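Owing to the predicted nature of the structure, the values given are computational and were not obtained by experimental measurement. Both counts, for ligands and for their atoms, begin at 1 and track the order of listing.
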Amino acid sequence: MRLHRLELRRIGLELVVPFRTSFGTELHRDILLVHVTTDAGDGWGECVAMSAPFYSPEFVDGADLAIRRFLWPMLVEAGDIAAADVATILEPIHGHPMAKAALEMAILDAELRASGTTFHQLLGAERSVIPSGVSVGIFDDLDELLAQVQGYVDDGYARIKLKIEPGWDLEPVRLVRDLIGPEMPLQVDANTAYTRTDAEHLCRLDEFDLLLIEQPLPEEDLLGHAQLAERSSTPVCLDESIVSLQTAEDAIEMGAAEIVNIKPGRVGGYLTARRIHDLCVARDVPVWCGGMVETGIGRAANAALATMPGFTLPGDISASSRFYARDIVTEPITVTDGTVSVPDAPGLGFELDLEFLDSITTSTDFLDA
Ligand SMILES: CSCC[C@@H](NC(=O)CCC(=O)O)C(=O)O
Ligand SMILES: [Mg+2]
């Protein structure tokens with residue numbers, strides 16, 4: 001297909017409850033959406049970069065600029081392209097996986113819509129319902145944490161994930177495990193907050209029968225994660241460290257990733273995410289779909305991705321209402337009996353609520369091919 005025009009749209013959404021992690025607190029999302037118009041129709045993508053580079057090196061203003069100055073012109077220059085070509089065309093640009101992923105996503109959406117195919121059909125997965133896990137932040141006090149967790153248990157989520165950091169780990173996990181009982185799946189995510197010297201302390205989490213411990217150490221510390229995996233009975237899962245197919249392969253080979261959290265934005269796009277899934281299946285490494293507090297655009301695409309057979313653990317694909325009072329799609333993601341039904345709308349699986357989208361748009365800019 002030939003690219004005609006790119007719309008760069010920024011929207012603002014308040015979170016229904018502050019989402020605190022070891023690297024900061026999210027109250028509001030400033031989200032970049034990309035809308036491509038092509039000779040075969042149009043498509044939308046969501047850039048998952050946060051407002052500041054505390055989760056990964058990218059941030060939304062930087063992604064916006066990388067798209068304007070480099071990524072969009074390279075795609076236009078390439079002429080007649082398919083979504084499958086995007087990662088290769090953009091290869092010469094180092095980094096910026098979330099910016100690249102947003103463009104690939106929009107082109108993929110346009111391609112699928114033009115062919116009357118859904119992403120779910122393209123992936124060829126059998127499942128149309130996936131288990132839904134929920135990510136729970138850090139709170140000022142334990143009572144508030146337990147109240148939030150009880151609410152999600154009442155909502156029927158299939159798995160609870162707790163954010164942890166030094167000083168907020170063993171006690172909250174113990175209390176939540178006591179609250180939800182021994183059977184409910186429970187995992188933790190440290191977002192790189194610990195160091196190798198914390199290994200003995202982190203092994204004390206083994207008593208809580210967790211599904212996994214997610215990214216306890218810095219992104220670059222594959223050896224440290226491999227050493228922890230040797231000592232801990234809780235499987236080590238990587239998130240921030242897995243930024244490409246190569247890093248996934250190396251982490252698995254080193255024993256640093258016993259489980260992999262796949263996030264399409266973090267690895268440069270849904271098509272690379274699929275290849276990482278295939279690698280993990282071949283290496284018998286369980287995967288699950290992570291979340292970046294996406295709108296219904298990203299949630300719909302993530303739900304489709306999570307239907308692939310290697311996604312054997314509940315992902316962070318919670319209801320739209322877990323984060324937002326109102327979503328930008330006509331069919332917000334909902335959770336029933338701990339599951340999400342994969343949207344079957346054309347393309348990536350969503351239709352936009354354009355009236356609401358316009359009401360929360362903070363800027364719109366157009367680039368012609
Ligand atoms: C603002 S935190 C974003 C990254 C974080 N994401 C989540 O915890 C899940 C968020 C969601 O459910 O979308 C992670 O490290 O896995
Ligand atoms: Mg994580």
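- For ligand 1, the atoms lying closer than 4.0 Å to a non-hydrogen atom of Met50 are 1 (C).
- Between His277 and Phe311, the ring-plane angle classifies as parallel under the 30° and 60° cut-offs.
- Coordination check, Asp316 versus the Mg ion (ligand 2): failed, since every N/O/S atom of the residue sits at 2.8 Å or beyond.
- Summary of contacts: the protein heavy atom closest to atom 4 (C) of ligand 1 is Lys263 NZ, 3.4 Å.
- A parallel orientation is assigned to the rings of Trp44 and His35, their planes being inclined by less than 30° (bins at 30° and 60°).
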- Message: Between Val129 and Ser341, does the side chain to side chain contact (heavy atoms under 4.5 Å, CB included) criterion hold? Intermediate values first, please.
- Response: CA-CA 4 Å; Val129 173; Ser341 295; 4.1 Å; yes
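- Taking every heavy atom of Phe19 and a limit of under 4.0 angstrom, the matching atoms of ligand 1 come to 1 (C), 2 (S), 8 (O).
- Here is the list of ligand 1 atoms found below 4.0 Å of a heavy atom in Glu214: 16 (O).
- The atom of Asp239 nearest to the Mg ion (ligand 2) is OD2, with the search restricted to N, O or S atoms.
- Short contacts between ligand 1 and Phe323, defined as distances under 4.0 Å to a heavy atom of the residue, involve ligand atoms 10 (C), 11 (C), 12 (O), 13 (O).
- Atom 3 (C) of ligand 1 has as its closest protein heavy atom Met292 SD, 3.9 Å.
- Below 4.0 Å from some heavy atom of Asn191 lie the following atoms of ligand 1, by number and element: 14 (C), 15 (O).
- Near Asp189, with a cut-off below 4.0 Å to any heavy atom, the atoms of ligand 1 are 14 (C), 15 (O), 16 (O).
- Residue-to-ligand polar distances keep Thr21 apart from ligand 1: every N/O pair is separated by 3.5 Å or more.
- For ligand 1 and Asp239, the ligand atoms under 4.0 Å from any heavy atom of the residue are 14 (C), 15 (O), 16 (O).
- A salt bridge between Arg113 and Asp109 is present, with a side-chain N of the basic residue lying under 4.0 Å from a carboxylate O of the acidic one.
- Among the atoms of Val293, some N or O lies under 3.5 angstrom from an N or O of ligand 1.
- Side-chain polar atoms of Gln215 and Ser241 form a donor-acceptor pair below 3.5 angstrom.
- Here Lys163 has side-chain heavy atoms under 4.0 Å from ligand 1, and that is the only part of it that gets that close.
- For the 3.5 Å distance criterion, the side chains of Ser320 and Arg326 fail to qualify, holding no donor opposite an acceptor.
- In the vicinity of Lys161, heavy-atom distances shorter than 4.0 Å reach the ligand 1 atoms 7 (C), 8 (O), 14 (C), 16 (O).
- Between the side chains of Thr234 and Asp206, at least one donor N or O lies within less than 3.5 Å of an accepting N or O.
- Using modelled atom types, one finds a donor on one side chain and an acceptor on the other under 3.5 Å when comparing Tyr55 with Asp239.
- At a threshold of 4.0 Å, the pair Arg283-Glu249 does not count as salt-bridged, since none of the basic side-chain nitrogens sits closer than that to a carboxylate oxygen.
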